[in-house]
Amino acid sequence: MAAKSPISLANFFIFNSSYCRYESDEKNKILYYYPTDNDLNTKVRTVGLCEAVIKFTGTFGTSPCEALHTQKTKQVFLEPEPGFWMVMTLNVPFQQKSRDGQVYMEYFTDEIQDHIYQSLLLKSYRMFTLMHGTFGSIVGEKKEDVATLRKKLNEFYENLYINCNNLKK
């Protein structure tokens, strides 16, 4: 029997739908995306799917979407400022098992608790704002400084990711 896989980060991104005016410029709504080596098409599709989930769930009530659970992943959503969304997708731990000669995967969805990862998103946002200010204040009222926000988000979250990986060693 194989060992259980750990919880892992599938992706993490920040977007604002208002930065996309036309279908051809959907990449403009993506402010930060990890892993950075994913191709642009994958990034746009992933953000678009989350955007659709957020809009769809918004039709049922006043509270925003907080999480989406599938068998293999859990997505956690946070809207720290109006229009700005932070999304983290986690791979659910699994273990390969066999029964009656058939191999199957058992997923341990209960090991990922939404409120813990929402808290993690909020803390990372607060750390960013402590050093740089709010997303909205960086962009400004005229929304002309989106490139500066992208640069600051990239520097902050890449350094945070590197430091977290160094802690594991």
Side-chain angles (χ1 to χ4, degrees), residues 1-17 20 26-27 29-129 135 150 153-169:
M1 184 163 30
K4 184 171 65 171
S5 70
I7 297 170
S8 62
L9 180 64
N11 59 46
F12 166 69
F13 51 91
I14 301 169
F15 72 95
N16 187 324
S17 299
C20 170
E26 286 187 337
K27 68 181 188 293
K29 69 177 117 180
I30 304 171
L31 302 171
Y32 176 76
Y33 194 99
Y34 173 86
T36 55
D37 58 350
N38 279 10
D39 65 281
L40 182 60
N41 191 38
T42 300
K43 293 176 184 180
V44 168
R45 280 188 292 119
T46 304
V47 171
L49 178 62
C50 289
E51 186 179 26
V53 168
I54 290 165
K55 286 182 181 179
F56 177 72
T57 58
T59 61
F60 295 105
T62 57
S63 64
C65 181
E66 295 178 350
L68 174 66
H69 299 189
T70 67
Q71 181 181 16
K72 297 179 182 179
T73 64
K74 284 194 178 185
Q75 284 187 310
V76 183
F77 302 88
L78 177 69
E79 185 182 24
E81 298 176 34
F84 290 93
W85 285 92
M86 300 174 76
V87 181
M88 179 187 300
T89 307
L90 301 160
N91 293 315
V92 173
F94 64 90
Q95 187 172 23
Q96 185 175 334
K97 294 190 171 189
S98 63
R99 183 184 316 145
D100 300 328
Q102 296 292 325
V103 176
Y104 68 97
M105 300 299 211
E106 181 179 359
Y107 290 90
F108 302 94
T109 58
D110 293 339
E111 291 193 15
I112 299 177
Q113 297 178 8
D114 298 342
H115 68 278
I116 291 173
Y117 289 95
Q118 284 175 328
S119 176
L120 185 62
L121 283 176
L122 183 59
K123 284 184 183 193
S124 75
Y125 168 75
R126 288 181 176 160
M127 285 174 49
F128 178 87
T129 59
F135 298 161
R150 281 191 183 100
L153 287 168
N154 190 49
E155 289 171 359
F156 178 80
Y157 284 105
E158 288 302 312
N159 286 333
L160 186 64
Y161 176 73
I162 290 167
N163 290 334
C164 287
N165 277 341
N166 289 337
L167 289 175
K168 291 180 185 178
K169 293 178 182 178

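This structure is a prediction, so every number in the text was calculated from the model and none was measured.
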For the atom pair OG1 (Thr89) and CG (Leu68), what is the distance rounded to the nearest 0.5 Å? 8.5 Å
What's the spacing between Ser5 OG and Met105 CE if we round to 0.5 Å? 8.0 Å
Indicate yes or no for a side-chain donor-acceptor contact from Asn154 to the backbone of Arg150 under 3.5 Å, with no hydrogens or angles considered. no
Provide the full list of ring pair (Phe, Tyr, Trp, His ring centres under 6.0 Å) pairs with a residue in residues 94-115, sequence neighbours left out, each pair given once. Phe94-Tyr107
What's the shortest heavy-atom distance between Cys50 and Val87, and which atoms? SG-CG1, 3.9 Å
Verify the neighbour count for atom CD of Glu106: are there more than 12 heavy atoms of other residues, nucleotides or ligands below 6.0 Å? yes
Would you call Phe77 and Pro64 a side-chain contact if the rule is heavy atoms closer than 4.5 Å? no
Any sub-3.5 Å donor-acceptor pair from Asp39's side-chain atoms to Asn41's backbone N or O? yes
Search all heavy atoms of Lys29 against all heavy atoms of Ser17 and return the closest pair with its distance. CB-CA, 4.2 Å
Determine whether Ile14 and Tyr125 satisfy the following criterion, side chain to side chain contact (heavy atoms under 4.5 Å, CB included), listing intermediate values before the conclusion. CA-CA 10 Å; Ile14 301 169; Tyr125 168 75; over 6 Å; no
Can you check whether Tyr34 reaches Met88 side chain to side chain, under 4.5 Å on heavy atoms? no
Closest approach of Leu31 and Leu153, non-hydrogen atoms and distance? CB-CD1, 3.7 Å
Beyond-backbone contact of Leu49 with Arg45, side-chain heavy atoms, under 4.5 angstrom: no
To the nearest 0.5 Å, tell me how far Cys65 SG sits from Phe56 CZ. 10.5 Å
Return the orientation label for the Tyr33 and Phe13 ring planes: parallel under 30°, perpendicular over 60°, tilted otherwise. parallel
For the residue pair Ile7 and Tyr117, establish whether any side-chain heavy-atom pair is separated by less than 4.5 Å. yes
Polar side-chain atom of Lys74 near backbone of Ala67 as donor-acceptor pair, under 3.5 Å: no
Is there a side-chain contact between Val76 and Gln118, using heavy atoms and a 4.5 Å cut-off? yes
If you compare all heavy atoms of Thr46 against all heavy atoms of Asn11, which two are closest, and at what distance to 0.1 Å? CG2-ND2, 3.7 Å
Is there a side-chain contact between Glu66 and Asp114, using heavy atoms and a 4.5 Å cut-off? no
Phe84 meets the ring pair (Phe, Tyr, Trp, His ring centres under 6.0 Å) criterion, sequence neighbours left out, with Phe135
Under 3.5 Å: donor-acceptor pair, side chain of Lys43, backbone of Tyr32: no
Any idea which heavy atoms bring Ala10 and Pro35 closest together, and the distance? O-CD, 3.5 Å
Are more than 12 heavy atoms, taken from residues, nucleotides or ligands other than Asp110, located less than 6.0 Å from that residue's CG atom? no
Could you check if a side-chain atom of Tyr157 sits within less than 4.5 angstrom of a side-chain atom of Ser124, using non-hydrogen atoms only? yes
Check Gly83 against Asn16 and note the closest heavy-atom contact, atom names and distance. O-CG, 3.2 Å
Separation between CD (Glu111) and NZ (Lys4), nearest 0.5 Å, reads 3.0 Å
Leu90 vs Leu9 side-chain heavy atoms within contact, under 4.5 Å: yes
Take Thr36 and Glu158, measure what side chain to side chain contact (heavy atoms under 4.5 Å, CB included) needs, and give me the verdict at the end. CA-CA 9 Å; Thr36 55; Glu158 288 302 312; 3.5 Å; yes
